[in-house]
Amino acid sequence: MKGIEEKIREWKAVHGEILKVQSEEELAFLKKPSVKEIEQYNQLKEEDTYQALEFLFYKCVLEENKSYEDEFVLSATKSLLEQLPNANDSVLSKESGVDGIKKSAALVRHFFHVDPYELSIDEFYKLVGEALWLQEHKNKQLEVALANVLVKTFANGTF
């Protein structure tokens with residue numbers, strides 16, 4: 001049987017950052033969720049918050065076939081959620097509401113030609129930030145081009 005340090009190294013090689021959550025009686029190692037898992041969590045959360053937290057915990061826990069107390073699951077998942085990037089600045093949240101992840105994913109897919117639902121949540125938010133910057137830059141270029149067209153069209157006084 002592998003030692004815990006070796007398991008952690010293997011998990012880090014596969015999943016990147018690993019979160020260790022511990023109570024007096026229990027210990028769990030969690031990976032950060034994927035974009036797809038966060039989207040599923042958000043959908044479940046609308047109907048049943050407890051079920052959503054439990055779903056996310058078991059999607060992220062790295063030790064399989066282990067049973068955990070309900071209180072530990074809730075606490076561990078809340079700790080995990082606190083470790084996720086703050087999406088307020090990088091996700092289309094102002095006007096998009098619940099569809100924020102879907103709209104952000106569409107931007108990432110458009111600009112970077114990757115499947116956003118296969119990305120880690122950290123990579124997703126990084127690419128969303130870059131996509132939003134690119135979209136803003138593109139909008140400014142379009143604004144300048146449109147202004148030039150209008151000036152050339154109406155500058156000579158003929159309509």
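FYI, side chains are in, hydrogens and waters are out, and symmetry mates aren't considered; it's all heavy atoms of this structure.
Side-chain atoms of E6 do not come within 3.5 Å of backbone N or O of G3 as any donor-acceptor pair.
The only option from Q83, E17, H15 that meets the side chain to side chain donor-acceptor pair (under 3.5 Å) definition with K32 turns out to be E17. Checked options F72, Y68, F29; the residue passing with V21 is F72 (criterion: side-chain contact (heavy atoms from CB on, under 4.5 Å)).
Ion pairing between a basic and an acidic side chain is recognised when a charged N comes within 4.0 Å of a carboxylate O; R9 and E5 show no such pairing.
Q135 and N139 share a side-chain donor-acceptor pair at under 3.5 Å.
Atom NZ of K66 sits in a crowded spot, with more than 12 heavy atoms from other residues, nucleotides or ligands closer than 6.0 Å. Summarising the local packing, CD of E71 is surrounded by 12 or fewer heavy atoms from other residues, nucleotides or ligands at distances under 6.0 Å. Around CD of Q43, the count of heavy atoms belonging to other residues, nucleotides or ligands within 6.0 Å exceeds 12.
Distance check: S120 OG to E37 CD gives 11.0 Å after rounding to the nearest 0.5 Å. Put simply, NE2 on H137 and CG on L132 are 14.5 Å apart, with the number rounded to the nearest 0.5 Å. Taking OG of S79 as the reference point, atom CD of Q22 lies at 12.0 Å (rounded to 0.5 Å). Going from atom CD of Q141 over to atom CG of L146 covers 13.5 Å, rounded to the nearest 0.5 Å. Between the CG atom of L62 and the CD1 atom of I8 there is a distance of 9.5 Å, given to the nearest 0.5 Å. We find the NZ-CD1 distance between K59 and I38 to be 12.5 Å, quoted to the nearest 0.5 Å.
Two residues are said to be in side-chain contact when any heavy atoms from C-beta on lie closer than 4.5 Å; E54 and T77 fail this criterion. Side-chain contact check for L80 versus F57: every heavy-atom pair is 4.5 Å or farther apart. The closest side-chain heavy-atom distance from Y58 to V73 is below 4.5 Å. Between I121 and V35, the closest side-chain pair of non-hydrogen atoms falls below 4.5 Å. At a threshold of 4.5 Å between non-hydrogen side-chain atoms, the residues E25 and E69 do not count as touching. Looking at P116 and I101, their side chains never come closer than 4.5 Å, going by heavy atoms from C-beta outward.
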(Q) One pair to check against side-chain contact (heavy atoms from CB on, under 4.5 Å): V128 and L107. What are the steps and the verdict? (A) CA-CA 7 Å; V128 168; L107 264 181; 5.8 Å; no
Q. Passes salt bridge (Lys or Arg N to Asp or Glu O under 4.0 Å), E136 versus K140? Steps please.
A. CA-CA 6 Å; E136 185 177 328; K140 286 178 184 176; 3.3 Å; yes
Q.
Apply side-chain contact (heavy atoms from CB on, under 4.5 Å) to residues F111 and L127 and explain how you reach the verdict.
A. CA-CA 9 Å; F111 282 110; L127 290 180; over 6 Å; no
Q) Can F55 and D48 be said to form a side-chain contact (heavy atoms from CB on, under 4.5 Å), step by step? A) CA-CA 11 Å; F55 163 81; D48 185 350; over 6 Å; no
Q | side-chain contact (heavy atoms from CB on, under 4.5 Å) assessment of L81 paired with L53 | A | CA-CA 9 Å; L81 290 170; L53 290 169; 3.8 Å; yes
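Smallest separation of non-hydrogen atoms from Y117 and R109: CE1-NH2, 3.4 Å.
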